[in-house]
Every structure is written in structure tokens, then in C-alpha cells.
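For reference, the structure discussed in these notes is given below.
Order of the sequence lines sets the chain letters (A, B, ...), proteins ahead of strands, with each chain counted from 1.
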Amino acid sequence: MPELPEVETTCRGIAPHLIGKQVSRVVVRNPALRWRVPKALAAELSGQVVRAVTRRAKYILLTTDAGTAILHLGMSGSLRVVAAAKPPGKSDHVDLVLATGNCLRLRDPRRFGSILWTRQNPLAHKLLADIGPEPLTPEFSRDYLHRVTRGRSRAIRDVLLDARIVAGVGNIYANEALFSAGIRPTRAAGRLNAIECKKLAQAIRATLKRAIRVGGTTLRDYHASDGEPGHFQLTLKVYGRTGDPCRVCQTPIRLARLGQRSAFFCGKCQT
DNA sequence: CTTTTGACCTGACAGC
DNA sequence: TGCTGTCAGGTCAAAA
């Protein structure tokens, strides 16, 4: 479900409820997430004060003096701050109960998400160490994108989904950015010229920033931590619009199957 | 090394 | 109203 804008929106939403607050205990109702929730999470996070809430790629990092909780929402995960007494739903697998009487509640029906714990620098964690640059930093430049795509035969859509190339871009924003840059998702990455890489890098930044500004994309179950849906879905140009008229030229949007995942594009606006 | 495929799960929806 | 098949915002590990 959540890509960079949804994770960023979640971070911003939960941060005021967590920063400077003590985690009094951790309730794990179902530890069987993508990776089994470690015993050390409850043991070492309990009693700690959350110092910072940050994001790296699609991971949320809750920093304390004893270590860092590393959260990932997978495909269907979401975080809400609710009263600790509120009865949990079927998919509410983990609560971080706060001394304030609230709790940070992780809901994840498909259980592709995770909560890990590390005492070390989280950025050096195995899952984070090889992730590429954040797309909203200068490190993700047109020159970088041009350089890393050289000699690659993979479809550019798939390259954008590769976290080692760029962090946080998922299927919605990859497709939307490619439309914005006028590039077909099926194009071999190595065939993009310098001008196209410039357009694409710009399009990725602009698309993500705009999505963050409107609270992300709510297609089915994603909601911000306060329960509000995002609004980016109202302005989607291609994602999920197979057969619908292109918002620029009215040509029906086409669907391509890249691997197991759908890619959407306008056959006229994108080459 | 790069690229592709399979695997992990539940729930919503379309069509019969 | 069921049942079956398809699809979904991610990403790791293994195979090719």
C-alpha cells in the first residue's frame, strides 16, 4: 500500500504523539509479520522515551536511547494513534502503549510489514544498508539517474521500483512520474538519453512532493494516522485508469504487464 | 554481475 | 448466496 508519500505522511502524523513520550509497554498479538517480531522489541523498547521519528525509504525509524524500532508497512500496513483502551481489530497486530494513555497501533491484514529492533545504527541494518539515495535530496540528480541506468536492459519502471537505485518509489508514483516525463514504463532504462533522465528525475521529485502535500494516495485502505484519507488519487493521470481517456489527449490509457505488476501509460503522450 | 521468478498473506471484487 | 479466479500500494531470496 504505502509508498514514500504515504510513509512520510504517516511519520508526520504520528511524530507529535510520540516524540518525548515514554513507551510503557509493547503488546504483540501476532508476531508473524514478514519477519517475526523480535522478543527484544518489547524487552528493550519498554520504558524508553521516543527521541525521534524519521523515515528512510519506506521504513519508519523510532529512535530511543536504547536502540531503534524499524517499522515497515508492507502492502497493507497502517499506523494509527488511538486510545490504548480501544478494542483492537482482527489485523491490529502490535501496540506500542504510551504513558500518555494512547498507543501506536499497527494494523496489517496481509502481514507483509514488519517491526524490528536494533541497538546499532539503523542505517547500517542489513535491510537498509544497500538502499539508494532519497529522491528528495540533491544526491538523486539527473546525472545520477543517467549514470545508474547505463547499460541496463530492464524496463525503466522496474528500475524505479528497485530500492537500490532510488528509495521509496513504488508502482503508483513510478507510473505517474513516467507519464509526467513522457516516457513509456516499458522502455529499457539504458535507452533513456540525458534529457529524458533529467525530465524523469524532476518528475519523480515533483510527483512525490505533490503527493506528500495532499496527504498521499488513498485507493482502498490507506489512511493517515489521524484517520484522514489522502487526496492524490483524485489527480492520478494513469495509475489504475486502463481504458479511461488520457487527461491530456483523450487516448485510452493502456495497461502493460511488466513481470507480475501492472504498468499504465498513454500510447500517444509517452514514448 | 544482472534480470526474472516465486514466495509470503488477506481481502475486495467481478463473473458465473 | 456462494464459489472461483484475479488483483492489490512491497521486497527478499533463489533461480536463470
Looking across every strand, which nucleic acid part, if any, lies under 4.0 Å from A:Gly74 by heavy atom: base, sugar-phosphate, or nothing? sugar-phosphate
Just checking A:Tyr239: base, sugar-phosphate only, or nothing, at a heavy-atom cut-off of under 4.0 Å? sugar-phosphate
Taking CG from A:Asp162 and P from B:dT2, how many angstroms apart are they, rounded to a whole number? 10 Å
Ranking A:Val159 and A:Gln260 by the position along DNA chain B of their nearest nucleotide, the one closer to 5' is A:Val159
Let me know the distance between CG of A:Asn171 and P of C:dA8, rounded to the nearest Å. 8 Å
Donor-acceptor under 3.5 Å (A:Arg105 side chain, A:Ser78 main chain): no
A:Ser262 or A:Leu127: which one's nearest nucleotide on DNA chain C is closer to the 5' end? A:Ser262
OP1 or OP2 of C:dT11 under 4.0 Å from side-chain N/O of A:Lys58: yes
How far apart are the closest heavy atoms of A:Arg56 and A:Leu123, and which atoms are they? CG-CD2, 4.0 Å
What is the distance, rounded to the nearest whole Å, between atom CZ of A:Arg34 and atom C1' of C:dC12? 5 Å
Specify the separation, in whole Å, of atom CG of A:Asp130 and atom C1' of C:dG10. 17 Å
Give a yes or no on whether a donor-acceptor pair under 3.5 Å exists between the nucleobase atoms of B:dC9, that is its base, and the side chain of A:Arg110. yes
C:dT6 to B:dG6 separation - P atoms, rounded to the nearest Å: 15 Å
How far, in whole Å, is C:dA14 from B:dC9 if one measures between their P atoms? 16 Å
Taking A:Glu134 for the side chain and A:Ala57 for the main chain, is one N or O donor matched with an acceptor at less than 3.5 Å? yes
Contact class for A:Arg257 (heavy atom, under 4.0 Å): base, sugar-phosphate, or nothing? sugar-phosphate
Give the rounded distance in Å between these two atoms: CH2 of A:Trp35 and P of C:dG10. 14 Å
So, for A:Leu45 and A:Thr64, which heavy atoms are closest and what is the spacing to 0.1 Å? CD1-CG2, 3.7 Å
Selection from B:dG11, C:dT11, B:dC8 that lies nearest to any side-chain heavy atom of A:Arg261: C:dT11
Would you sort out whether A:Ser76 and A:Asp108 count as a side chain to side chain donor-acceptor pair (under 3.5 Å), showing the intermediate values? CA-CA 5 Å; A:Ser76 58; A:Asp108 186 2; 2.6 Å; yes
Rounded to whole Å, please give me the gap between CG in A:Leu161 and P in C:dG9. 9 Å
Less than 6.0 angstrom separating the ring centers of A:Tyr173 and A:Phe232, yes or no? yes
Would you mind telling me which of C:dG9, C:dC12, B:dC9 lies closest to the side-chain atoms of A:Arg111? B:dC9
Spacing of A:Asp158 atom CG relative to B:dT3 atom P, expressed in whole Å: 10 Å
Which part of the nucleic acid, if any, lies within reach of A:Phe232 when heavy atoms closer than 4.0 Å are counted: base, sugar-phosphate only, or nothing? nothing
Please answer whether C:dT11 and A:Phe112 are stacked, defined here as ring centres separated by less than 5.5 Å and planes angled under 30°. no
Check every atom of C:dT11, C:dG9, B:dG11 against the side chain of A:His72 and return the nucleotide holding the closest atom. C:dT11
Using OP1 and OP2 only, check whether a side-chain N or O of A:Ser76 sits under 4.0 Å from C:dG10. no
Heavy atoms only, 4.0 Å cut-off, all strands: where does A:Arg152 land among base, sugar-phosphate and nothing? sugar-phosphate
From CD of A:Gln233 over to C1' of C:dA8, roughly how many Å is that when rounded to an integer? 15 Å
